[in-house]
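Here's the structure, in structure tokens; my notes come after.
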Amino acid sequence: MNLEHLRLFKRIIQFGSLASAARDLGLSSTTVSERLAALERDMGTVLLNRTTRSLSLTQAGQTLLEGLEPLLEEADRLAAQIKLGSHALAGTIRVSAPSDLGRTCVSDIINTFVTQNPAVSVELLLSDGYVDIVGDGIDIALRFGALPDGTLRTRKLGTARRIVCAAPDYIARHGTPKCPDDLQDHHCLLMRFGKMLDRQWHFGEGDEATSVMVDGTLISNDGHLVRQWCLDGLGIALKSRYDVAEDIAAGRLVPLLEDFMGPGTDLQMLFPPSRAQPARTKALADALAEGFR
């Protein structure tokens, strides 16, 4: 069996089509189709039912998929043992994280991790919108707040307080809001999470909980861009403390309405359900937990 053909088969299933797998791997669709055909010749059977519109596993393909993860994991472990010693970790980890958090905290932790484990490669995918963790083949996803999918396994990293903030230049030109309702008279920088536009900003908790509908002319689905607009003095932003702590400490941003803020939102690691967790994934999850702690 050709291990690279097996890895390709796994990637095709993760992405749901030969064309998507080809784009992800930087290969032509013809090359992917030829390698899949070679794998099916080696196996002596058809593994995928393919039409122009759909892709489905045959019974043989399902059997192969179920035994594939431990097979590839053992191959990676054995290769690492030969190359680097018996305790080395090896293989690829796909990580999804919010854009701002991924560029700062997560990236720093991953950089240290791969330096310590040179046989491991990490693919860091940044998105502030919905991510299909199972469908996209994600091993670890970092997300704030409540989970849309209760079947995912979780591990809490911490609690992230959200902060309303603005650049000193913006405050000098437009003044400082004294209470949440004052935000209705300011330029607010808005985030879009998938189809949802985050215009309702929440304050306080319990009996004192309240919310304000804000508005603004700048909207993005990229938290890093919203932070940059805020630094440029273009409006007021609602950000996680993880994203703007250094900017506030350096005086580039000023926290606002601190007495009105709520208790914070959980930051969690999410893992696919019912999937054996390779040693490399568990090791990176432990490194992320330690880094955020």
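All values below were derived from every heavy atom in this structure, side-chain atoms included, with hydrogens, water molecules and symmetry-related copies excluded.
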- Task: Identify whether the distance between the nearest side-chain nitrogen and carboxylate oxygen of Lys156 and Asp266 falls below 4.0 Å.
- Result: yes
- To the nearest 0.5 Å, tell me how far Trp201 CH2 sits from Met191 CE. 11.5 Å
- Query: Can you name the residues that form a side chain to side chain contact (heavy atoms under 4.5 Å, CB included) with Lys195, not counting sequence neighbours?
  - Reply: none
Would you mind writing out the side-chain donor-acceptor pairs for residues 34-46 within the sub-3.5 Å range, not counting sequence neighbours?
from: Glu40; atom 1: OE2; to: Leu47; atom 2: N; distance (Å): 2.9
from: Glu40; atom 1: OE2; to: Leu48; atom 2: N; distance (Å): 3.3
from: Glu40; atom 1: OE2; to: Arg50; atom 2: NH1; distance (Å): 3.3

- If we only count heavy atoms from C-beta on, is the Val214 to Gln184 side-chain gap below 4.5 Å? no
- Of all heavy-atom pairs linking Ala237 and Cys230, the shortest is CB-SG, 3.8 Å
- Between Leu189 and Ile248, is there a shared hydrophobic cluster once you connect ILVMFWY residues whose side-chain heavy atoms come closer than 4.5 Å? no
- Is there a donor-acceptor contact under 3.5 Å linking the side chains of Thr112 and Thr115? no
- Would you say Ser20's side chain and Gly16's backbone share a donor-acceptor pair under 3.5 angstrom? no
- Query: Which pair of heavy atoms, one from Gly61 and one from Phe9, lies closest together, and at what distance?
  - Reply: O-CZ, 3.8 Å
- Compare every heavy atom of Val226 with every heavy atom of Ser220, then report the nearest pair and how far apart it is. CB-CG2, 4.1 Å
- Message: Could you check whether any side-chain heavy atom of Ser121 comes within less than 4.5 Å of a side-chain heavy atom of Thr92, counting everything from C-beta outward?
- Response: yes
- Item | Non-hydrogen side-chain atoms of Ile93 and Glu123 separated by less than 4.5 Å | no
- Query: Under a 4.5 Å cut-off applied to non-hydrogen side-chain atoms, are Asp108 and Phe113 in contact?
  - Reply: no
- Item | Beyond-backbone contact of Phe260 with Val164, side-chain heavy atoms, under 4.5 angstrom | no
- Message: Once rounded to the nearest 0.5 Å, what's the spacing between atom CG of Leu157 and atom CG of Leu267?
- Response: 4.5 Å
- Message: For the residue pair Ser96 / Arg143, report whether a side-chain donor-acceptor contact shorter than 3.5 Å exists.
- Response: yes
- Glu246 atom CD, neighbour heavy-atom count above 12 within 6.0 Å: no
- Task: Indicate, with yes or no, if Leu238 and Leu231 share a hydrophobic cluster defined by side-chain heavy-atom contacts under 4.5 Å among Ile, Leu, Val, Met, Phe, Trp and Tyr.
- Result: no
- Message: Can you tell whether the side chains of Asp243 and Lys239 come within less than 4.0 Å, N to carboxylate O?
- Response: yes
- Item | Leu218 and Leu190: CA distance, side-chain angles, deciding distance, side-chain contact (heavy atoms from CB on, under 4.5 Å) verdict | CA-CA 6 Å; Leu218 290 174; Leu190 304 181; over 6 Å; no
- Query: Between the main-chain N or O of Arg241 and the side-chain N or O of Arg161, is there a donor-acceptor pair closer than 3.5 Å?
  - Reply: no
- Message: For the backbone of Cys179 and the side chain of Asp182, can you confirm whether one donor and one acceptor N or O come within less than 3.5 Å of each other?
- Response: yes
- Salt bridge check: are Lys282 and Asp139 linked by an N-O gap of less than 4.0 Å? no
- Task: Establish whether Ile171 and Trp229 are linked, either directly or via other cluster members, by ILVMFWY side-chain heavy-atom contacts under 4.5 Å.
- Result: no
- Query: Any side-chain heavy atom of Leu64 within less than 4.5 Å of one from Leu6?
  - Reply: yes
- Message: Taking atom CD as the centre, does Gln59 end up with more than 12 heavy-atom neighbours from other residues, nucleotides or ligands that are less than 6.0 angstrom away?
- Response: no
- Item | Path from Phe15 to Val134 over hydrophobic side-chain contacts below 4.5 Å | no
- Message: I'd like to know if Arg94 pairs up with Asp136 as an ion pair, taking the criterion as any Lys NZ or Arg NE/NH1/NH2 lying under 4.0 Å from an Asp or Glu carboxylate oxygen.
- Response: no
- Stepwise side-chain contact (heavy atoms from CB on, under 4.5 Å) test for Gln200 and Val212: CA-CA 6 Å; Gln200 191 169 16; Val212 176; over 6 Å; no
- Message: For Arg103, is there an ion pair with Asp222 - N to carboxylate O distance below 4.0 angstrom?
- Response: yes
- Message: Could you go through Phe271 and Leu152, starting from their C-alpha distance and side-chain angles, then the distance that decides it, and tell me whether this counts as side-chain contact (heavy atoms from CB on, under 4.5 Å)?
- Response: CA-CA 6 Å; Phe271 308 94; Leu152 300 175; over 6 Å; no
- With rounding to the nearest 0.5 Å, note down the distance linking CG in Leu183 to CG in Leu257. 5.5 Å
- Item | Minimum-distance pair of heavy atoms, taken over all atoms of Phe144 and Ser240 | CZ-OG, 3.7 Å
- Query: Judged by modelled atom types alone, do Asp128 and Ser99 share a side-chain donor-acceptor pair under 3.5 Å?
  - Reply: yes
- Would you please say whether a donor-acceptor pair under 3.5 Å links the side chains of Thr30 and Ser33? no
- Taking only Lys NZ, Arg NE, NH1 and NH2, and the carboxylate oxygens of Asp or Glu, determine whether Asp198 and Arg192 approach each other closer than 4.0 Å. no
- Leu55 side, atom CG; Ser17 side, atom OG - distance, nearest 0.5 Å: 7.5 Å
- Message: Closer than 3.5 angstrom, by distance alone: can the side chain of Asn2 be matched with the main-chain N or O of His5 as a donor-acceptor pair?
- Response: yes
- Side chain to side chain, Met269 and Thr154, heavy atoms closer than 4.5 Å: no
- Query: Would a distance-only check, ignoring hydrogens and angles, find a side-chain to backbone donor-acceptor pair under 3.5 Å from Arg173 to Gly233?
  - Reply: yes
- Determine whether the side chains of His186 and Tyr170 contain a donor N or O and an acceptor N or O closer than 3.5 Å. yes
- Can you measure from CG (Leu284) to CD1 (Ile109) and round to the nearest 0.5 angstrom? 8.5 Å
- Side chain proximity check, Pro177 to Ile236, heavy atoms < 4.5 angstrom: yes
- Point-to-point distance, once rounded to the nearest 0.5 Å, from CZ of Arg227 to SG of Cys165: 9.5 Å
- Task: I would like to know whether Val106 and Ile110 meet side-chain contact (heavy atoms from CB on, under 4.5 Å); could you show each step before the answer?
- Result: CA-CA 6 Å; Val106 177; Ile110 287 175; 3.7 Å; yes
